[in-house]
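Working notes, structure below.
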Amino acid sequence: MNTSRSRGRTPRTLRVAALAVLLTTGAFTPSASADSARTETPVGTSGGVTETVVRVKAPLPASFGARPAACDWLSYLRYRSSSGPASSADADRVLVAQPGILEGAGAFDSVARNTVTRAAEQGRHIEFWALDRRSNCLEDRTGIASGDQHTAVDYYYRGKQVDGRAFAGFVGNDQLGWMAKLGIEQTVRDEYTLLAAELPDQGVRKDKVLCGGHSLGGVITGYFAAADFDGDPATTADAGHSQCAGYFALDTTVSTSLGDLSGSIPDDTNLPDVGLGYGVVQAGLDSGLLPRSLSAPVLLNPETMTLLAIAGVGALQNPGGEADLPSYLPANTNIEATNRFLFSKDTATFLAGSPAVKDFRLTNEAILGSLMDDQSVPLAFLQSSVGFFDGGPITDKNFPVANGSSSQPGLFGTEYKAIPAEPHGPLYTWRNYDRVGDPDDPGYRSSDGTPFTAAGKEVTDIQELARSMAGQPLDFTEQYFPTKLVTDLELATSPQVKRLVVHPDGLTANPTLTVLAGDGLLAGRVPADLHPVVADGYQHLDVLTAAPVQNNGLPEPVSTALTEFARAPR
């Protein structure tokens, strides 16, 4: 292996240590320090980057109704240079990132580490704050934090306790009444509340904070920039744009319109028909007739999002070991439908349910790769470029759409999909991103002769991805995404939403950095006047997950661009 291309990989001993920290600190519940309005808990230090999880008490208005006590807190992952100042106010810059749809703070792990490290190499001490949406308070990470895949499955599915705690079950719509009001207005106010609490001096915020986000986080940043937080438009010290020295957009744009980002919202989710109008939609959310959390019967629901993290646990725990997760999981309709959707080579296989994923021999890394790689998973907004299958014959995956189809919907991406070809055959392994194109690479091709991938198209280290998914106290994926947040943005022209845009000039009041994934959701669809930085070969998630050193031997371009943007005078 070319060691110069893999030097950013976290050693296994450090990954295990990080999981041990998660175990000893439990679920990081605010109640452990109930007398404090703020908690900060160490996660670990690695490669000169110190990570903590910060929680700030910020009760919702009484009008939201009953909710768990944990939901009156805001949370974020704080990354800073270990050699830098302990106080955020003393940092050279603070990057504050809003997550995208169905995304949690843990998704920013790699880009945050890469950016902090790159800046420190240049003598600059910056911080990266990966925000969690308030609704992530409902997630229970106890099983994942155990660091053991069987323990995690037993905790979530077999009623077994971990450290005396039992899983209370996935939260149903009838328990989410308070989320009916959790839309764009509360989301941007949460960001303002957090910034004001953590950096009380507005002058410091205006001088040092860079506000941005990934995917839907760019639109949220747009609303934040245009918002007013004291109810008096004539005073601007409280305006959103006055809290930021600049904006950054990661495979998105800073705007107040979903626009081209509509492709990042899955068509098979149970979104209500926004043609009904704002009032009718809100009444449906309030009554519970409409789902208060975005979900779908396949892949996109709390149970299957948890399964992604469980797969990450296996890849960390025993990367090259033969996986037993498909057979160890209980049989239920949700898991069966998801497995068929993800692991069927064609429609006939999907309908028959055979061969199934449990009929193939796969390593734990190969399981995670099949769930997240752009040559495998058929949902573009969940794709990253982490390498390719190895160890046995491969065939085309022509479900749910055929490879090479000119009418292939944007939702599924444009990359050719592949799947192992021999059930009950060889042990399929995973060729990591930095081994694609090596002399021993079989160079798998589609039936029409098209190479499935190439070194220049692979950018994310599968072990770093596993760490982000399973080694963080805050989720990579989001189990309970507020439906109201999307319906608000879809209804942007309604009077109730338009009134939130108090300072429209706030969108252009500060410099903006736009970084695009070359093969992502917005490829070729962003106006040239934004002068975007394009990361060639990247998919939508790669702008967050890419390894610090790429296959061309160069530093990762997203964190490089963020570091340069953070250095520029304002």
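Atoms considered below: every heavy atom in the structure, side chains included; atoms not considered: hydrogens, waters and symmetry mates. Here, residue 1 is the first one in the sequence, and each next residue gets the next number.
Residues in residues 472-482 take part in these salt bridge (Lys or Arg N to Asp or Glu O under 4.0 Å) pairs, two or more places apart or across chains: Arg133-Glu478, Arg141-Asp475. Counting only residues at least two apart or on different chains, the salt bridge (Lys or Arg N to Asp or Glu O under 4.0 Å) pairs with a member in residues 369-390 are Asp390-Arg431.
For the residue pair Ser82 and Thr50, a side-chain donor N or O sits within less than 3.5 Å of a side-chain acceptor on the partner. Side-chain polar atoms of Thr221 and Gln98 form no donor-acceptor pair below 3.5 angstrom. For the residue pair Ser468/Asp109, the side-chain donor-acceptor check at 3.5 Å is satisfied. A donor-acceptor contact closer than 3.5 angstrom is absent between the side chains of Tyr223 and Glu191. With no hydrogens or angles considered, no side-chain donor-acceptor pair links Ser146 and Asp148 at under 3.5 Å. Between the side chains of Thr453 and Glu458, at least one donor-acceptor pair of N or O atoms lies under 3.5 Å.
No side-chain donor-acceptor contact under 3.5 Å links Asn432 to the backbone of Arg435. The backbone N or O of Tyr480 sits less than 3.5 Å from a side-chain atom of Ser135, completing a donor-acceptor pair. No side-chain donor-acceptor contact under 3.5 Å links Asp461 to the backbone of Ala547. For the pair Asn552 (side chain) and Gly456 (backbone), a donor-acceptor distance under 3.5 Å is absent. Side-chain atoms of Glu127 never come within 3.5 Å of backbone atoms of Arg78 as a donor-acceptor pair (strictly under, hydrogens ignored). Remark: side-chain polar atoms of Gln463 are paired, donor with acceptor, to backbone N or O of Ala315 under 3.5 angstrom. In terms of modelled atom types and a separation under 3.5 Å, the side chain of Asn114 and the main chain of Ala546 share a donor-acceptor contact. Not a single donor-acceptor pair under 3.5 Å links the side chain of Asp132 to the backbone N or O of Ser75. The closest donor-acceptor contact from the side chain of Gln479 to the backbone of Thr306 lies at 3.5 Å or more, if one exists at all.
Of the candidates Val313, Ile310, Leu307, Leu325 forms a side chain to side chain contact (heavy atoms under 4.5 Å, CB included) with just one, namely Ile310. Each of Ile184, Thr256, Val254 was checked for a side chain to side chain contact (heavy atoms under 4.5 Å, CB included) with Ile220, and the lone residue meeting it is Ile184.
Between Phe128 and Tyr79, the two ring planes are perpendicular [angle over 60°; tilted spans 30° to 60°]. Between Trp430 and Phe388, the angle of the ring planes lies from 30° to 60°, which puts this pair in the tilted group.
Interatomic distance, Arg93 CZ to Thr563 OG1, rounded to the nearest 0.5 Å: 12.0 Å.
With sequence neighbours left out, the side chain to side chain contact (heavy atoms under 4.5 Å, CB included) criterion links Ala58 to Leu74, Arg134, Thr193. With sequence neighbours left out, His241 forms a ring pair (Phe, Tyr, Trp, His ring centres under 6.0 Å) with His503. The ring pair (Phe, Tyr, Trp, His ring centres under 6.0 Å) check on Phe229 picks up Tyr192, Phe224, with sequence neighbours excluded. Scanning for ring pair (Phe, Tyr, Trp, His ring centres under 6.0 Å) contacts around Tyr247 gives an empty result, with sequence neighbours left out.
A pairwise comparison of heavy atoms in Ile144 and Ala470 identifies CG2-O, 3.6 Å as the closest pair. When all heavy atoms of Pro473 and Val43 are compared, the pair lying nearest together is CG-CG2, 3.7 Å.
Between Glu564 and Gln122 there is a side-chain heavy-atom pair separated by less than 4.5 Å. Using a 4.5 Å heavy-atom threshold, the side chains of Asn136 and Leu474 count as separate.
Looking at Arg113 and Glu51, a side-chain N of the basic residue comes within less than 4.0 Å of a carboxylate O on the acidic one, giving a salt bridge.
Aromatic ring centres of Phe248 and Phe565 lie farther apart than the 6.0 Å criterion allows.
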